[in-house]
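The structure under discussion appears below in the form of structure tokens.
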Amino acid sequence: MKTSVGQDIEHAIALLKNGEVVGIPTETVYGLAADSTNEDAVLKIFEAKGRPTSNPLILHFPSLEAIEPYVLHFPKELAALAEVFCPGPITFILPKSTLVPFLITAGQESVAVRIPDHPLTLSLLQQLDFPLAAPSANRYGGISPTKAEHVFHQLNERIPYILDGGACQTGLESTIVGMQDQKVIVYRLGGISIERLEQVLGYLAEVKNELHHGVRTSGMVKYHYATETPLYFMEHRSKETSSNEGRILFKRSNNVVSAHDFYLSDSGDIDEAAKNLYAALHEMDGRGFDRIFIEQFPNEGLGKTMNDRLRRATAKFL
Ligand code: TXA
Ligand code: MG
């Protein structure tokens, strides 16, 4: 199958209605989308990604009203977050209605829903009469794509079309939230920081993003978001360095242009660094280094999300 890339919404719509999978842009990362009500179409997502069906998928909607038939209720604490942050990089775990197939939820009674903030994909969703199931459009365990070319690189010849919406604005997956004992819980750190959630909630939500917390999300598996090239935090860098090492640095410290160094932000802006992080990993992974070193981020705001992803990415090489 030849994979083409373009900005043809009509073509994407025709493919999706026909039970095909399509790479779609969102503000977080690119998704691999299919008609969530068509079991054969959804199975193609798992197949193209090489992902086990035990891992549930997020449903994407154009509006809060569109979500209503697919969930039993929307607790008021989560609805308050939705008012402020939707469309945007936040996903809600809610009790599912019978309209949601168990293939989507991996057999669970709750479903993950979100409203992505990207003009092309919102327009696409408005023109479809079914929600799109979409995981990140990477091969299982790999780095999420933040540009159409990243999707092409990982899924070429596995999917018919990638809708090119440019570079993702947030650059990190959505923050996943749900309810437990009347409290909002964060199951995956993401594009909305826990500090921003706190401003709305009035309390700092507990983060339960490890396997031992008993709720399954793929971000929890020990090795994830990993490069092919061994990746380490800078702190683990020995004094002797080989000449074939790459470095990913938070803030530009000089104007020397070197193929070995990738600066995530000229000014040390955490949101800009987040936007560029996955592109840096994809890019540096392709340069044939023996090792790549990356700086830890200040442990606040999106820095927490990035450190979380990098902890899981580097775990593979410890
Ligand atoms: O930003 C995002 O959320 C992107 C874009 C494409 O929307 N999507 C994304 O999907 O990151 P994925 O499949 O790569 O990660 C979704 C996470 C997985 O860890 C999955 O286990 C979890 O959400 N999840 C999905 N449905 C769930 C459910 N019903 N209960 C608990 N976790 C769920
Ligand atoms: Mg993913």
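Computed over heavy atoms, backbone and side chain alike; hydrogens, waters and symmetry mates excluded. Read the numbers this way: they start at 1 and go in the same order the structure lists the ligands and their atoms.
Annotation for Asp266 and Lys251: closest pair O-CG, 4.1 Å, computed over non-hydrogen atoms. For the pair Asp164 and Leu120, the tightest heavy-atom approach, listed with the atom from each and the gap, is O-CD1, 3.6 Å.
Ranked by closest heavy atom to atom 29 (N) of ligand 1, the top entry among Pro56, Ser110, Gly190, Ala133 is Ser110.
Residue Arg51 has at least one heavy-atom neighbour below 4.0 Å for each of these atoms of ligand 1: 12 (P), 13 (O), 14 (O). Atoms of ligand 1 lying under 4.0 Å from at least one heavy atom of Ile93, given by number and element, are 27 (C), 28 (C), 30 (N), 31 (C), 32 (N), 33 (C). Using a 4.0 Å cut-off to heavy atoms of Ser174, the atoms of ligand 1 that qualify are 1 (O), 2 (C), 3 (O). Residue contact check: Val111 has heavy atoms under 4.0 Å from atoms 29 (N) of ligand 1. Each of the atoms 1 (O), 2 (C), 4 (C), 5 (C) of ligand 1 lies under 4.0 Å from some heavy atom of Thr28. Atoms of ligand 1 found under 4.0 Å from any heavy atom of Gly31 (numbered from 1 in listed order, with element): 6 (C). Near Ala112, the atoms of ligand 1 lying under 4.0 angstrom from a non-hydrogen atom of the residue are 25 (C), 26 (N), 27 (C), 29 (N). If you number the atoms of ligand 1 from 1 as listed, the ones under 4.0 Å from a heavy atom of Arg114 come out as 1 (O), 2 (C), 3 (O), 5 (C), 7 (O).
Among the backbone and side-chain atoms of Ser144, none of the N, O or S atoms lies under 2.8 Å from the Mg ion (ligand 2).
Considering backbone and side-chain atoms alike, Tyr30 places every N or O at 3.5 Å or more from each N or O of ligand 1. In terms of N/O distances under 3.5 Å, ligand 1 is not approached by Lys49. Looking at Ser136 next to ligand 1, an N or O pair under 3.5 Å apart turns up. Geometrically, ligand 1 and Glu173 share no nitrogen or oxygen pair separated by less than 3.5 Å. Close N/O approach between Thr105 and ligand 1 is not found [any backbone or side-chain N/O within under 3.5 Å].
Screening Leu78, Asp117, Leu197 against Ile90 for a side chain to side chain contact (heavy atoms under 4.5 Å, CB included) leaves a single residue, Leu197.
By the 4.0 Å heavy-atom criterion, His60 is counted among the residues contacting ligand 1.
Stacking of Lys304 on the aromatic ring of Phe297 is not recorded, the 6.0 Å distance cut-off and the 45° axial limit not both being met. Cation-pi contact between Lys96 and Phe102: present, with separation from the ring centre below 6.0 Å and deviation from the ring axis of at most 45°.
Using modelled atom types and a 3.5 Å distance limit, the side chains of Ser144 and Glu173 yield a donor-acceptor pair. Between Thr105 and Glu109, the side chains place no donor N or O within less than 3.5 Å of an acceptor N or O (distance only, hydrogens not considered).
The main-chain N or O of Pro135 is never found under 3.5 Å from a side-chain atom of Lys49 such that the two would form a donor-acceptor pair.
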